[in-house]
Amino acid sequence: MIQCASCRQDIAEEASKCPYCQGYQTWYKNPHYSNWIFLLPFLGFISWSTGIFTEKDYQMYRDDFSISEENIVVMPNNRTRLITYRVANNTEYKWKHISYEIIGKHQGKLIAANTDIDYGWVVQPHSESLLTAKVPFMPGASSWEFKIKDLESARY
Ligand SMILES: [Zn+2]
């Protein structure tokens, strides 16, 4: 014996429908739902083929982005740098939430690295967007390399 899923009366283990309350013991035995089950693969195919629900993986599109340095401002007091980069998005998708790394170098040698995320940053498909990174003082560094670590695809 098992208990009915809705009225808790003891019923036979193999019962698909409760004799007391007429409740179906598994949702897929209920004709109200089972008539629609055949639609699931179809809906899955539609969402997959249109890409509506598919998150794009930035790592697959990284070669479709190019970055150029626009401007450097050195703050007078603490030698923090504000470096503005122009990020060109050559994909057909909109991206947001940039996570990036600034690598301070001197004569090709790595001095220090700093990572940050800008949640407000957005770039439209086949478009460009500026990003100003606040780079902490890296003693000895004379050049800075900008690397995108990750982006999220935006649906709208
Ligand atoms: Zn019942």
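Start at 1 and go down the list; that is how both ligands and their atoms are numbered. Predicted, not measured: the structure shown is a model, and the values here were computed from it. Residue numbers run from 1 in the order of the sequence given. Computation of the quantities below employed the complete heavy-atom set of this structure, encompassing side-chain atoms and omitting hydrogens, waters and symmetry-equivalent molecules.
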Review point. Counting distance only, does the side-chain N/O of S129 pair as donor-acceptor with the main-chain N or O of V122 below 3.5 Å?
Key: yes
Review point. Are any side-chain N or O atoms of Q59 and backbone N or O atoms of K149, one a donor and one an acceptor, separated by less than 3.5 Å?
Key: yes
**Study point:** Separation between CH2 of W95 and NZ of K56, rounded to the nearest 0.5 Å
**Key:** 7.5 Å
Review point. Do side-chain atoms of Q25 reach the backbone of G23 as a donor and acceptor pair under 3.5 angstrom?
Key: yes
Review point. Just by modelled atom types, is the I98 backbone N or O under 3.5 Å from a matching donor or acceptor in the D150 side chain?
Key: no
**Study point:** Centroid-centroid distance, Y100 to Y85, less than 6.0 Å
**Key:** no
Check your understanding: the Zn ion (ligand 1): which protein N, O or S atoms are under 2.8 Å away?
Key -> C4 SG, C7 SG, C18 SG, C21 SG
